[in-house]
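Within every chain, numbering begins at 1; the chains are lettered A, B, ... in the order of the sequence lines, protein sequences first and strands thereafter. Given the structure is predicted, the values throughout are model-derived calculations rather than measurements. Just so it is clear, the values below take in all heavy atoms, side chains as well, and ignore hydrogens, waters and symmetry mates.
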Number of protein chains: 2
Amino acid sequence: MRTDLERFFNPRSIAIIGASQDFITISGQPLKHLQSHHYRGKLYPVNPRYPEVAGVKCYPSLAEVPETPDLVLILVNASRVADMLRQCGAKGVPYVIIFSSGFSEMGGEGVKLQRELAAIASEHGIGVIGPNCQGMMNVADGVFAGFGSVFFTDYEPGTVSMVSQSGGFGFSVMNLSSKDGGLPFRQMVTTGNEIGISTLEFMEYFIRDPKTTLIAGYLEGAKDAHRLPEIGRKAMAAGKPILMWKVGNTEQGQKAAASHTANLGGAMALYRAAFKESGIIQVDDIQDVVDYGRAFRGNRLPRGNRLAIITISGGAGILMTDECIGRGMRMAQLAPATVAKLKEFVPSFGSLGNPVDVTAGIFNDLTLINRTLQAIIDDPGVDCVAMINASLQGEIAAKIAGEIVAVSMKTDKPIYLCWSARDVMAPEAYAALEAARIPHYKSPVRCGRAAAAVSWYAEAKRRMEARRDEAPLALKKPQAAALLAGKTGDVAEHAAKRVLAEYGIPVTQEALAATKAEAVAAASRIGYPVAIKVQSPDIPHKTEAGAVRLAIGSERALGAAYDEVLANARAYKPDAKVDGVLVQEMVGDGAEAILGVTNDPLFGPAVMFGLGGIFAEVLKDVSFRLAPVTASVARDMVEEIAAYPVLSGARGRPRADVDALVDAIVRLSALAIDQKDRISELDINPLFVFPAGRGIKAADALIRLKNA
Amino acid sequence: MRTDLERFFNPRSIAIIGASQDFITISGQPLKHLQSHHYRGKLYPVNPRYPEVAGVKCYPSLAEVPETPDLVLILVNASRVADMLRQCGAKGVPYVIIFSSGFSEMGGEGVKLQRELAAIASEHGIGVIGPNCQGMMNVADGVFAGFGSVFFTDYEPGTVSMVSQSGGFGFSVMNLSSKDGGLPFRQMVTTGNEIGISTLEFMEYFIRDPKTTLIAGYLEGAKDAHRLPEIGRKAMAAGKPILMWKVGNTEQGQKAAASHTANLGGAMALYRAAFKESGIIQVDDIQDVVDYGRAFRGNRLPRGNRLAIITISGGAGILMTDECIGRGMRMAQLAPATVAKLKEFVPSFGSLGNPVDVTAGIFNDLTLINRTLQAIIDDPGVDCVAMINASLQGEIAAKIAGEIVAVSMKTDKPIYLCWSARDVMAPEAYAALEAARIPHYKSPVRCGRAAAAVSWYAEAKRRMEARRDEAPLALKKPQAAALLAGKTGDVAEHAAKRVLAEYGIPVTQEALAATKAEAVAAASRIGYPVAIKVQSPDIPHKTEAGAVRLAIGSERALGAAYDEVLANARAYKPDAKVDGVLVQEMVGDGAEAILGVTNDPLFGPAVMFGLGGIFAEVLKDVSFRLAPVTASVARDMVEEIAAYPVLSGARGRPRADVDALVDAIVRLSALAIDQKDRISELDINPLFVFPAGRGIKAADALIRLKNA
C-alpha cells in the first residue's frame, strides 16, 4: 500500500467516478468544491450519462481518462464500488477515496462487500481512504476533495493537521476550530470504515510533514492500535503534540472472558495506557482541541509542574487552582525574596500567597500587573505562570497586554492569560497576545485545563527522555513453551505456576498428588498446615466448585478433605478431566494483589496490576500498560492505583515489598511477550506481597491459551 | 436586617460616599455608570472636596443629603468605612454596598475592622452588601451600581438572576453569558466578604421575584450553609432551577479531627450532599451556566431519563452517548413498532439502533430528519430526544429547523439539538429554534451535558415529590443526655455505646470491669472468646496504645492479658484517666462498615456511611447527608458508594442486612439531631453488618463532645 501521502494530499489530477450534475447531492458536490476553491490540477469527471459536468469534459469510464490520476473519488452506489475499484487498480491509480456507504456499518452483506474491497485494494496496491467517509481538505493548497456544508467555506491555512474516523463530526471540529476558535488547519482527512490507510498512518505522515506543527485525531477504534506507542514516541521526538479524541468509552456489555484481567481490560483501558505512556494528549471536547492547540502554539514547555497564578479577582484564582491541582500540577511555593519584592507594591489588602491577588487596585495603578509578573517569572521555583485579568478592556487592556508581551519576550517560561473581556471589547490587547503567541482564554477553567495539558505533556516528555535507555527485560524460555505445547483451553493452577516459575516469578511450594498417599507424603514434606485444590483444566473457578480446602492441620484432616474435594469436583462437573490434587503450603500475612496479562487482538499483550478482591473486581482500581514494561513503568503501575497506600504503609500497616512486586510485573511482561503467540489471558490471583524485604509469592494462577 | 430586596435592586435614590471626579478610578466609576445607563432615581454624590461631580450636586456629608437614600455606595478607604456606615445608620439607610477592600481578606487588623462593620450594621439594622465587592446590576431597570469593565456595556434584559461572591469573576460570567452566550440576565449582585445579606438570602429573593426564571450562584463558602436544603426545596417548588458554581474544591490541609467522619467530611462533601438532596445543579464552567440555562429556558422536564439520539453523523452520536450515560441517563430501547416505521424510510446503510443514524443520506432526501424525529417522539419509551445535525447550513438548515419546530410544537418532550454550523452559516435555522426555545449546541459533548443536567434535575424533582411525606425519625432521649452530662472532650467506647443503645442502635454485649475479678466474672457471663480494651477518655486510639487484646479464649489468658493492656496503656500515656477494662463479646463474620456524625459549624449535623478500613480511609469511598436523614435517603447513602457490591452480594458473598443498616443510619441521624448541642463528632468503627436478617452491631465507638 502507498504511503507517499504527499501525493494524496496534493494530487496532480483527480478523477471523480459518479460525478453528478445535481450539485446539491453528495456525488455532485466534490467537483464543484474543487473548482470553487481553485484546485490547480486536472479534473476528470467520470459518468457515462454526461458529456460534461460543470463545464468539464466528462468520461464514460475511468479507462478512457487520458492519464492515470493521482487520486480517484468513488461516489457510486455500494454495489458498484468493487467494479470501480478494480478499474482503478487496472489503471494503476495510487489513491482512492471511497465515499459510498453501505459496508461494514450496515452489517451482513455490507461486511462481505467491504472485505471484497479490501482484497481488491491489496491486490492492486491501492491506497484506499474510506469507505463511508467524507473526504479530504488540503487547505494550504486548495484541494477540497469531499462533500458537506463545511466545504462551501474558505479557510485560512494553518499548521494543524487532523485525521478523523467520523466525517460529519470531524469536519465540524475543523470548521469551528479554524473559524470561531482561531486555530487554523493545514489538512483534514476523514477515514470512515478505514479499510486502507489508517488513522495512525496518517498521523505518521503528519509527523513527517514539515509544515504540520500539531496533530489532532478523532478515533473510534484503531485496527493497528499496537502501533500507538511508537507513533506517540515519534511525534514526541519531532516536537509535535498529538491531541487525541478517543470515543466509545461507554462499553455496554463486555465480551465473556475467563480472567479478571481480560474482563477489566476493556479496549478503553488499553487506549488510555497507550496514550499515557507515549505522551498522546487526550481531549474531551471541541474546546479542548482549540484550547490545547492554542497553548502549544507558543512552543514553550515548562521545566516542571509548578504553577504560579496572578489574579485581579480572587474567585477566578480559586477556580484555576482547583482545576490545575486536579490535573496534576502543583502550586509553586514563592521564594521569600519574591514575596519581599511583591510586598513593595502589591496593596496591603491583596494576597502574596499563590494565587497572588493584586486586586482591583490595578484600576488605580496599572503598573501593578507587570511588576508582579516580572517578579514571579524571576522566581526559580516557578515553572509557568497564569495571569487572570478578569474583564479588563479597551485602552487599559491594550497597555497591560503590551507589558505582558514585553515580559514574555525575556523568558522561556510559558505564560497563560485568563482574560474574560469579549473579543470586541479588547481587540488590541488580544491581537498583541496573538502576535506574541501568548495563549489567552475567556474562562479560568479552560485556561487551567490548557496549562495542565501542556504541563502533562512536558512531564511525559521528561519521563520518556529519562527512560530512553531503559531496556525492557527480555526472556526466552523454551521450557515454558514446552510446558504449554500441545495444550488448548485453560491451563490449571499447578501447570500455570510452573510456567511462572520459569520466568522467575516466585510461586507457592506445592506438589501434584495422584493418590491420597502421595498427598500425605507431599504435605509432610511441605509441612502443615497445607491447602489442597483439585486440578482440572475444566474447572477454572475451583472455589466455586467446592474443590478447595484451606488450612488443613493434620494428616487425618487431610485424608477427609482429599475425598471431599474430589467428590465436590465430580458433582460440579461430572465429565471434568482431573489432573490430580494439588497440595500447597499455606501463605498468609501479605497484601493480596492481582497481576494479569490480556493479549488483546488490537494491542497485543498488556499487563495489569491491582489489589485483590473488591479493589480490582468491584472498584476496578487497576492499572494497565502495554508490554514490554520496564521497571520504572511497573513502579508507576503500582503507585498509580488509588489503594496504593495499602502497600506503602498506611494506617499502621507494614510497608509491602514493592521492589519484589515491580520485579514480578517486569517478569510477567517478559513472559507475555515471549508467549504472545500462545497465551490469550493470564491471572495471578492472589499474588501475596509480603512486608518489605520478604518478597512476593503467586498463590494461584490461571492461563487461558489462544485457540489453535 | 432588611430583606425587602426589591428596594435594593430598584432604589428610588442612591448616595455615593467617596464619589470621585476621576471617572477611571473605582470611586469615580459608579456615578458615571448609573448616569450612562439612564438610572431613573435621584443621585447624591458625597465628598467634601467637590461642589459637584459629573454635573450632579455633591454633598460634604451624608447627613446633609436632603432625603434618606434607599441605597448608599461606600467607596472610601477601609479605615474610614466604619464611620461612614455609622452615618448610614444614623440616617436610617436600609441598604449599603461597601466596595472598599482591606477587611477579612487581608487578615489581622482587617478581620477586626470587619467585625466592627458587622456590629454597626446589626445595631442599625442595615442591609449590608460586601465589603470587598464589585456592586450590583439591575439590567431590567437600568440600575448599574458598581465598577469594572463590564459596566461600560449595555445589556438586553433577561430572566436569569445571579449572586456571586467574586466580583471580577461573577461579572465576567454575566457578561459572557449575556452577550456571547445569548443568555440575558435580569439582575446580578456581588457579595464579596458577605458580612450582611448572604448569597442564600439573595437566592431566596430571586425565588420570590416573579420575573426571575433561573437562578445562578458563584459560591466560595456560605455562612448559612445549613439553609441550602430549604432554599433548594423552595426553588424547586417555584419551578426555578438553581445553577450553583461552588469553588474551593481542593482542600489543601484539613483541620485535625479525632474521628474519621470529621476528617472525611471536608466542607465540599457536605456542600455536595446538600446540592444533591435539594436538586441544586452544580456547574463547572461558564459554558455550563450558558448551556444549562438555555436548556431550562424551554421549560420542559422529561418524565424519565431515557434518551433517544438521532444523528446524521455516527461519530457525534457515540460522543453524546458516552456523555449522557456517564451522567446518569439511559439510552432508550426503541419499540418494535418504532423500528418498523423507521425502516420504511431510513437508508439501508443507516442504523435503526439508538443512536439512530439517518446518515448523510439527508442531502438526498431532506424529509428523512423530521419523519425520523416524529417516529421517535411518538415512542412511549423515549423521554427526551437529542438530534445531531452536524454542520448543516443555509437553506437546507432553515427548512429542517422549521420541521423540527413543527414536531416540537406537538409534544411536551424535550428536544435538544446538536448543530455545529457556525452562527453566521445557519442564522435562519438558529433563529427559528430560538423562537421555539429549542436549545441547540455546537458540540455533542455540551449538548449531552445539558440534556443530562435537565434529566438530573427532573429526577431530583420526582424524588423530592415522592418523598415529600416521609417524616424523619425524631427521638428525644433524656437518658442519653444524662449520660453525656458534665463530660467534656472524648467519650470512650463503653459510654459512647450506651448512648448509641439509647437510640436503638445495637451494640456488642460487654461490661466495664474495675478489677481483674470483675473482668473474669464478666467474661464467663458473656462467654469466651472475649475481647478486652482499656477504657480512657484520654486514649481515643486504643489499638495504637496496645490497649486492646482480641479473641481471648480462657480465664487464664484473660488474667495475663488484663495486666498487659493496663501496663501498655500506662506506658503510652502515664497520666491517662482509666475508667476500667471493657470485656466484650467477639464479633466476626460480618462486613465492616463505618458510620459517623460530623457536626459542622456551618451545616450542623451530617451523617456519614462507608465500608471500614481502606475503603473509607484511603479510597474515601463514603457518602454524606445532612441530618435529618429518612430511610429512603439512608438507602441512597448505602447504595451510592462504589463498594456497595460488597454488601449486595458480589462475588459469592452473602447479601448483607442492608435494612438493618438503613435503620441504624436513620437512628444515628436522630441521635445527631437530638444531641446536636453536645456532640461535635461521632464514629462507629467498625459497625458489623451481618448477612440479611441477622442485623448489625456496633463494635467500637467514639464520641467527641463540643467544647463547653
Side-chain angles (χ1 to χ4, degrees), chain A residues 24-26 101-102 105-106 110 148-150 165-172 175-176 179-180 218 220 247-250 284-286 312-316 318-319 321-322 325-326 348-349 359-360 363-364 390-393 420-422 442-443 445-446 614 617-619 642-643 645-646 650-651, chain B residues 24-26 101-102 105-106 110 148-150 165-172 175-176 179-180 218 220 247-250 284-286 312-316 318-319 321-322 325-326 348-349 359-360 363-364 390-393 420-422 442-443 445-446 614 617-619 642-643 645-646 650-651:
Chain A
I24 290 303
T25 63
I26 293 175
S101 298
E105 77 280 10
M106 69 178 283
S149 300
V150 299
Q165 289 181 334
S166 166
F169 186 63
F171 277 114
S172 295
N175 181 249
L176 289 168
K179 294 284 187 179
D180 298 342
Y218 170 95
E220 292 167 9
V247 298
N249 301 343
T250 311
D284 297 321
D285 200 355
I286 301 175
I312 66 167
S313 158
I318 299 175
L319 267 170
T321 302
D322 282 358
I325 289 185
S348 60
F349 48 86
T359 79
F363 281 102
N364 301 330
S391 299
L392 292 180
Q393 64 182 46
S420 305
R422 297 172 49 238
K442 298 281 189 299
S443 121
V445 175
R446 288 172 58 184
I614 297 301
E617 294 157 31
V618 174
L619 302 180
V646 170
R651 302 268 319 144
Chain B
I24 291 304
T25 63
I26 294 175
S101 298
E105 77 279 9
M106 68 179 283
S149 302
V150 298
Q165 290 181 333
S166 166
F169 186 63
F171 277 114
S172 297
N175 180 250
L176 290 168
K179 294 285 187 178
D180 298 342
Y218 170 95
E220 291 168 8
V247 298
N249 301 345
T250 311
D284 297 320
D285 200 354
I286 300 175
I312 66 166
S313 158
I318 299 175
L319 266 171
T321 303
D322 282 358
I325 290 186
S348 59
F349 47 87
T359 79
F363 282 102
N364 301 330
S391 299
L392 292 180
Q393 65 183 45
S420 305
R422 297 172 49 238
K442 298 280 188 301
S443 118
V445 175
R446 288 173 59 184
I614 296 301
E617 294 156 31
V618 174
L619 302 180
V646 170
R651 300 269 319 146

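Under the side chain to side chain contact (heavy atoms under 4.5 Å, CB included) criterion, A/S101 pairs with A/E105, A/N132, B/F349, not counting sequence neighbours. Partners of B/R422 according to the side-chain hydrogen bond (donor to acceptor under 3.5 Å, both in side chains) rule, which considers only residues two or more places apart in sequence or in another chain, are A/D180.
Interface summary for chain B: among A/A390, A/S166, A/A643, A/S172, the most heavy-atom pairs under 4.5 angstrom belong to A/S172. Ranked by heavy-atom pairs under 4.5 Å with chain A, the first of B/L619, B/I286, B/V646 is B/L619. Of the residues considered (B/Q165, B/K179, B/E220), B/K179 shows the highest number of contacts with chain A, using heavy-atom pairs under 4.5 Å.
Heavy atoms only, all atoms of each residue included: B/D284 and A/V445 are closest at O-CG2, 3.3 Å. Summarising the geometry of B/V618 relative to A/A642, their closest heavy-atom pair is CG1-O, 3.7 Å, with the distance given to 0.1 Å. Contact record, A/Y218 with B/A316: OH-N, 4.1 Å, taken as the closest heavy-atom pair.
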(message) The test is side-chain contact (heavy atoms from CB on, under 4.5 Å); show your working for A/S420 and B/N175 and say whether it passes.
(response) CA-CA 9 Å; A/S420 305; B/N175 180 250; over 6 Å; no
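Considering CG of A/L176 and OG of B/S391, their distance stands at 6.5 Å, rounded to 0.5 Å.
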